[in-house]
Asker: 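Have a look at this one.
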Amino acid sequence: MALVVMKFGGSSVADADKMKHAANKIIAKKKSGDKVVVVVSAPGDTTDDLLEMADKITSNPPAREMDMLLATGEMISISLLAMAIDAVGEKVISLTGPQAGISADADHTRARIKKINPKKIKQYLAKNNIVIVAGFQALNPKGDITTLGRGGSDLTAVALAASLEADFCEIYSDVEGVFTADPRVVKDARKIDYLSYDEMLEMAGSGAQVLQARSVEVAKKFGVVIHSRSSFSQNEGTYITSEEKIGRQKMEALLVSGVTFDKNQVKFTIIDLPDTPGVAAKIFGRLAKIGVNVDMIIQSAAVDKKNDISFTVSKSDMKKTHIELDKIASELKALNVICDEHVAKVSVVGIGMRSNAGVAARMFDILSKKGINIEMISTSEIKISCIVDEADMAKAVEELHKGFKLSKKS
Ligand code: ASP
Ligand code: MG
C-alpha cells in the first residue's frame, strides 16, 4: 500500500464533467489499495477572474483582502470534488489549507510555507477517507489566510507529500508531461521521460509552465518524486527526480534536454551612468526593496567614465520598475531610461552541458545561421539563455530544437 498525493490543476476541474472525471481517477487509485491525499487548484480560470473582479473595484487592494478573495477559488474545487466522490459512495472529506495544518509566513499573496502539521490529515486517512486539500492557501502567524503565489497548488502538493512522506506526488494537468519544447511552437516536440530537479528548475525558471518553480525546489530539498502527467489519459508522464535516480535511464545523456521560451520579459537600459563604485548596488538594491526580481544583467564597457546597464524583469513588474528607475536615473544624473517590451528569452537546458564544452557556441551558431540577433546572454552550469527580439522567438525555439536534435525522429 502506497501513500499518494494527487494534485489536479485548474483545467482538470474546470467544470462538472471534469470534476467527475477527476473523482473517478481518485476513487480508482483508492480502490487499487493506496491511501490518497488530493490537492486541487481553483476551477479553470477562476483565479484570473477573481483578480479581474478585484481590479474593477480598486487598483490598490489590501493584500490581506486579496488573499481572502483568491483563497475562495480553491474552496469551490475542494467542496465540489468532495461532493462528486461522496456521490459515488466513497468516504471523503475536504479541508482548507488552514484546516489541513498548513502554516505560512505573513507575506500576503506570495507567502512561504513554514510548517505543516499533518495530524488531521492522518486521522482522516486512518479512518479510510480520501482527503482533499485546497491548494495555494495557508494560515499565517496572525491567523489570517495567505496565498502562496501563482501556481501555488503545486507547492501545496509537494510540501504535503514531503510532510506525509508520500511515495509519489502526481501532478495532473492537461498536458502529458514536460516536453522538449512547447508543442504549440514545435510540432515534433517529444515528451521527456525523466528530468532531474535541476533541469526542471531551470526549465520552469526560463518559461516552461508545467510546474511552479518553487514546488520543484521543495521537491529537491526533500527528495519528493514528482510525476507530471495528464488527467485525460492513462499514459506515463514525466518523472522529476534526483540525478542519481535517473542516472541509469540517461546513460547517454543528451547535451540538451529541452528548449524553453519566456515572452514575459521586458528589457530596461539606463544610458550614461557614472562609472563609479556603488552604482549597480544602488540600482539593484532599490529594485530589490520594491520587490522586483531582476533576471539578466549586462553592463557595457566604460567610455569617458560612463557606461550603460541593461537588465530584464518580468512584464508584471514593468510599471513599478520604470517609475523607480526614472527616479534613480535622475539621482545618478544618467542620460535616460529605455524600456523595450518586445523581447523574449530563449533557453537551452540540460545536465549534459556540464561535461560538454561548446554548447553555447553551438547555440549562437544555430541562431546566427538564421539571422537572429542576440541582445543579451546569460549562462549557468546547465542552462544558456539569450534575449532576442520577440518576433524571432518562435523561429529561434524551432531551430534550436532541430539543431540540438530533440525531435521525435532524431
Ligand atoms: N489557483 C491558483 C493560480 O491560478 C493556484 C494554482 O492554480 O496552483 O495561480
Ligand atoms: Mg493553476
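Computed over heavy atoms, backbone and side chain alike; hydrogens, waters and symmetry mates excluded. Please read all numbers here as calculations on a predicted model, not as lab measurements. First listed ligand is number 1; within each ligand, the first listed atom is number 1.
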Asker: Checking the N or O distance criterion of under 3.5 Å, is ligand 1 in contact with Gly149?
Answerer: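 Not met; the criterion fails.
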Asker: Which atoms of ligand 1 have any heavy atom of Gly151 under 4.0 Å away?
Answerer: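 Here the atoms of ligand 1 in question are 3 (C), 5 (C), 6 (C), 8 (O), 9 (O).
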Asker: Would you kindly say whether Thr147 and Asp67 are connected by a side-chain donor-acceptor distance under 3.5 Å?
Answerer: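 There is such a pair (donor and acceptor under 3.5 Å, judged by atom type) between the side chains of Thr147 and Asp67.
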Asker: If you count the atoms of ligand 1 from 1 in the order shown, which ones are under 4.0 Å from a heavy atom of Arg150?
Answerer: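 By the 4.0 Å cutoff, the relevant atoms are 3 (C), 4 (O), 9 (O).
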Asker: Would you say Glu199's side chain and Ile351's backbone share a donor-acceptor pair under 3.5 angstrom?
Answerer: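 Answer holds: yes.
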Asker: For Glu65, does the CD atom sit with more than 12 other heavy atoms under 6.0 Å from it, leaving out its own atoms?
Answerer: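 Above 12, so yes.
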Asker: Within the structure, does Asp154 bring an N/O atom to less than 3.5 angstrom of an N/O atom in ligand 1?
Answerer: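 N/O-N/O distance under 3.5 Å: no.
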Asker: Can you tell me which residue among Asp308, Ile283, Val279 is in a side-chain contact (heavy atoms from CB on, under 4.5 Å) with Ile270?
Answerer: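 Single side-chain contact (heavy atoms from CB on, under 4.5 Å) partner of Ile270 among Asp308, Ile283, Val279: Ile283.
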Asker: Can you confirm whether Lys370 is buried at NZ, in the sense that more than 12 heavy atoms of other residues, nucleotides or ligands lie under 6.0 Å from that atom?
Answerer: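 Counting other residues, nucleotides and ligands, NZ of Lys370 stays at 12 neighbours or fewer.
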Asker: Has ligand 1 got any nitrogen or oxygen that is less than 3.5 angstrom from a nitrogen or oxygen of Lys7?
Answerer: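 N/O-N/O distance below 3.5 Å does not exist for this pair.
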Asker: Say whether Gly135 and ligand 1 are in contact under the criterion: heavy-atom distance to a ligand atom below 4.0 Å.
Answerer: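 So Gly135 does not count as touching ligand 1.
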Asker: Can you name the one residue among Val158, Ile226, Val39 that meets side-chain contact (heavy atoms from CB on, under 4.5 Å) with Val5?
Answerer: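 Only match with Val5 under side-chain contact (heavy atoms from CB on, under 4.5 Å): Val39.
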Asker: I'd like to know if the side chain of Glu52 reaches the main chain of Asp49, judged simply by a donor and an acceptor atom lying under 3.5 Å from each other, with no hydrogens or angles considered.
Answerer: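 No; zero donor-acceptor contacts below 3.5 Å.
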Asker: Go through ligand 1 atom by atom and flag the ones less than 4.0 Å from a non-hydrogen atom of Phe136.
Answerer: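 Listed by number with element: 2 (C), 5 (C).
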Asker: Run the contact test for Gln212 against ligand 1 with a 4.0 Å cut-off on heavy atoms, strictly below, and give the result.
Answerer: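 Gln212: no contact with ligand 1 (<4.0 Å).
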Asker: Taking a cutoff of less than 4.0 Å between a non-hydrogen atom of the residue and any ligand atom, is Gly152 in contact with ligand 1?
Answerer: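 It does, in that a heavy atom of Gly152 comes within the 4.0 Å cut-off of ligand 1.
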